[in-house]
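Scroll down for the structure; my scribbles are underneath it.
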Amino acid sequence: MKRYFADMHIHIGRTETGRAVKITGSKTLTLSNILYVAKNLKGIDMVGVIDCHSPEVIEEMEALIEIGDLQPMEDGGLLFQGKTTLIPGSELEIYDLSCDGPIHVLCFLPSIEKLKDFSSWLTTQLKNIHLSSQRVYTQGRELQKKVKELGGLFIPAHVFTPFKSLFGKGVKQRLDQVFDPELIDAIELGLSSDTEMADHLSQLHRYSYVTNSDAHSLPKIAREYQALLLDHPSFSEFEKALTARDGRKILANYGLDPLLGKYHETTCAKCLTPVKPGIDQCPNCGSKNVTKGVADRIKELSDAESYPDRPPYIHQVPLEFLPGIGPKTFKKLLKKFGTEMVIIHDATLEELREILPEKTAQLILKAREGTLSLHAGGGGRYGKIKEEE
């Protein structure tokens, strides 16, 4: 078995004909571009593309199969040009009578045939089958049952994000308010939390954690991801890794330090001033539009007295966040090392010095080790890396 990198939450901005799928996604974020960038620039071995229910996207997948670029795998998934595996999926919004607010979930299907069945069923449950992250007009438990009926995986998405997530506004306290706990395959943490933070909730201890980019543009692919120990990258191997079966497992989660996330601190959404917990009005501008931060929300939900043994969560910083790495420098790095994964994980200091100044090369090593100094983000603004003297 080998180490494989996986980013399981990537949006499609447009189809090949230019039709919008994720309206807020980049126009260059097409299925073909995602697969090309993941394989040739990012070095990602498995991608979960979560807008594949859209009929035009299914047509694109079938066209890629016809020309031989996508090859259906016996144990699920589709192999792109012999290298990167596509796991087709759908992000949907639950907002039934059991919810206190909208909740986004990820549904993954093992094959294009099962995906087409799912898409056909969704046409009776959505207002617009062509768009991403649509509200599905059924109960959370019914959606879970449908996904399981088709042999799929069900994962609540970015569960602590203040908007459209399980613990953001979806439920006041417990996930079983909306979902059947037995039919959840993993929990996606989101950009403003990590393993240590999430494990303050004992109700999550039974699940594996996944960390994904939620990419809305090509450069954002693999800003968060996981390393998996698999025989080969496929749907069934991914499913086994989530439950640590047959020697398959999650080796490590790589994600932004929560301080870099857009919603870590409670912050005034108008002027971005940090606001203390329990205060509903900005002390700076007087606005009552205060966004509760992930850290404060988790404190409200904390009940754990002991914690499970988990894979390490490594506070990875994407190369684009690092001072001194602009587009030209990035191209030079890719020319030498091939993919971002090689630069981030495997390039030595000596090799980096051949391209970069000493200070910038050291930043990559510090990012790899999780030792960078950071300014916290909040209110929709990313955190920043502190400039060193």
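- In this structure, K22 does not pair ionically with D51, as no charged nitrogen and carboxylate oxygen lie closer than 4.0 Å.
- Judged by distance alone, the side chain of S26 and the main-chain N or O of S217 form no donor-acceptor pair under 3.5 Å.
- Aromatic ring centres of Y263 and F160 lie farther apart than the 6.0 Å criterion allows.
- Annotation: side chain of S54 is not in contact with side chain of I12 (no heavy-atom distance under 4.5 Å).
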Open item on the list: Walk me through whether S98 and Q177 qualify under side-chain hydrogen bond (donor to acceptor under 3.5 Å, both in side chains).
Closed with: CA-CA 6 Å; S98 66; Q177 175 181 325; 5.9 Å; no
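- Within the model, atoms OG of S165 and CG of L189 stand 11.5 Å from one another, a figure rounded to the nearest 0.5 Å.
- The aromatic rings of H205 and Y307 are tilted relative to each other, their planes meeting at an angle between 30° and 60°.
- With 3.5 Å as the limit, one finds no donor-acceptor pair spanning the side chains of T17 and R19.
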- [ ] For L356 and K332, run side chain to side chain contact (heavy atoms under 4.5 Å, CB included): C-alpha distance rounded to whole Å, both residues' side-chain angles, the deciding distance at 0.1 Å, then the answer.
- [x] CA-CA 9 Å; L356 303 171; K332 290 180 182 178; over 6 Å; no
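- Between P88 and I112, the closest side-chain pair of non-hydrogen atoms is not below 4.5 Å.
- E320 pairs with exactly one of R223, K220, K42 by the salt bridge (charged side-chain N to carboxylate O under 4.0 Å, His left out) rule, that one being K220.
- When all heavy atoms of A227 and R3 are compared, the pair lying nearest together is CB-CG, 4.1 Å.
- Aromatic ring centres of H345 and Y225 lie closer together than 6.0 Å.
- Ion pairing between a basic and an acidic side chain is recognised when a charged N comes within 4.0 Å of a carboxylate O; E62 and K116 show such pairing.
- Put simply, the side chain of L175 does not reach to within 4.5 Å of the side chain of V159, judged on heavy atoms.
- Here side-chain hydrogen bond (donor to acceptor under 3.5 Å, both in side chains) pairs that include residues 182-197, with residues two or more places apart or in two chains, are H9-E188, K148-D185, E182-R206, E188-N212, D194-H315.
- No side-chain donor-acceptor contact under 3.5 Å links N33 and T28.
- With respect to E237, the salt bridge (charged side-chain N to carboxylate O under 4.0 Å, His left out) criterion is satisfied by exactly one of R248, K249, K2: R248.
- Looking at T30 and S32, their side chains never bring a donor and an acceptor atom within 3.5 Å of each other.
- Under the 6.0 Å cut-off for aromatic ring centres, Y313 and Y209 do not qualify, their centroids lying 6.0 Å or more apart.
- A salt bridge links K83 with D45: the closest approach of a Lys/Arg side-chain nitrogen to an acidic carboxylate oxygen falls below 4.0 angstrom.
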